[in-house]
Number of protein chains: 2
Amino acid sequence: MDEVDRSIVAVLEADGRISNAELAARVGLSPSPCLRRVRRLEETGVIRGYRAVLDPAAVGRGLRVFAGVRLVRHGRADVVAFERAVVRLPGVVQCHHVTGDYDYLLHVEVADLPAYEDFHANRLAGLPSVAAVTSYVTMKTLSAGSR
Amino acid sequence: MDEVDRSIVAVLEADGRISNAELAARVGLSPSPCLRRVRRLEETGVIRGYRAVLDPAAVGRGLRVFAGVRLVRHGRADVVAFERAVVRLPGVVQCHHVTGDYDYLLHVEVADLPAYEDFHANRLAGLPSVAAVTSYVTMKTLSAGSR
DNA sequence: AATGAAAGGAATCCCCC
DNA sequence: GGGGGATTCCTTTCATT
């Protein structure tokens with residue numbers, strides 16, 4: 001990871017579909033060594049993949065909610081069971097194991113408030129060991145620059 | 001947005017750098033109409049862009065924290081000043097205006113805990129109208145499938 | 001709207017520096 | 001590690017159905 005590699009990942013983070021030819025020009029290389037560096041960054045896991053960024057509302061994920069979850073018990077079996085189950089729930093984007101007032105902070109995206117009510121009452125509350133759920137419903141999201 | 005469009009965005013969300021030729025094959029079209037559909041999805045804003053997904057630790061963002069922020073005052077000027085300033089802070093990925101115990105939930109990514117201490121004490125606490133900050137430090141993140 | 005052909009461009013590989 | 005050039009594949013456009 002030298003300066004050129006850092007430039008490459010910065011450009012690809014902002015535009016993941018840029019052509020190798022233009023990427024090379026932007027970082028001051030010719031296409032051959034540029035492509036070699038990109039492949040190496042992919043192989044070593046610095047670049048994990050590429051994704052299209054979608055309009056949430058257009059694909060049925062217009063409501064974003066963060067849900068703080070506390071568990072009743074914290075034995076290994078309880079934790080494993082919860083973690084396995086929660087990432088399989090439709091609408092769960094990420095599940096963060098956090099310090100603080102909650103055990104987990106869930107990033108959830110669903111169509112609308114009725115869909116979240118269903119998620120909350122019929123999916124999440126029924127998971128093993130879930131003691132309490134606190135929901136933070138997103139009204140607006142501001143993004144920082146290129147991300 | 002018909003079924004084919006939904007397939008296209010699903011494939012591109014999982015692999016944003018797939019070639020148009022292979023994308024076409026996967027959704028059962030020939031390349032020409034497939035490309036036209038992708039362009040239309042981009043122009044109408046359903047596809048907002050493409051990004052490389054990076055290993056956070058490899059690019060100096062090894063620590064993810066969610067910070068619940070309460071403001072002292074909620075007048076329009078206070079809110080606007082806070083929102084303008086917070087997204088400019090280095091490390092702030094997204095700023096969610098939420099319902100519940102906090103006014104905002106910040107998604108922050110920094111190098112490590114000392115960097116977060118600096119962010120918390122020297123950047124965030126000094127913003128206009130910030131009354132209190134509650135930090136949820138992520139120890140582990142589980143992702144749901146393709147996202 | 002989809003197809004298919006054709007031109008132009010890009011990705012990729014090999015070899016040299 | 002970087003560069004140049006050849007090959008192959010892809011992208012893109014346009015005429016056609």
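Letters go in sequence order (proteins before strands), and every chain restarts at 1. Excluded from the calculations below are hydrogen atoms, water molecules and symmetry mates; all remaining heavy atoms, backbone and side chain alike, are included.
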Charged N-O contact under 4.0 Å between B:Arg61 and A:Glu13: yes
Reading 5' to 3' through nucleotides 9-14 of chain D, protein heavy-atom contacts under 4.0 Å coded B for base, S for sugar-phosphate only, - for none: -SSSB-
Between B:Arg51 and A:Asp15 (salt bridge meaning N to carboxylate O under 4.0 Å), is one present in this structure? no
Check salt bridge (charged side-chain N to carboxylate O under 4.0 Å, His left out) between B:Glu43 and all other residues, then give those that pass, not counting sequence neighbours. none
Contact under 4.0 Å: B:Arg37 side-chain N or O vs C:dA2 OP1/OP2: yes
Identify whether any heavy atom of A:Arg40 sits under 4.0 Å from a base atom; if not, whether one sits that close to sugar-phosphate; answer base, sugar-phosphate or nothing. nothing
May I ask you to establish whether B:Arg70 and B:Tyr102 are in a cation-pi arrangement, using a distance under 6.0 Å from NZ or CZ to the six-membered ring centre and at most 45° from the ring axis? no
Would you call the rings of B:His96 and A:Phe66 parallel, tilted or perpendicular, taking 30° and 60° as the class edges? tilted
Whole-Å distance between D:dG1 P and A:Leu29 CG? 12 Å
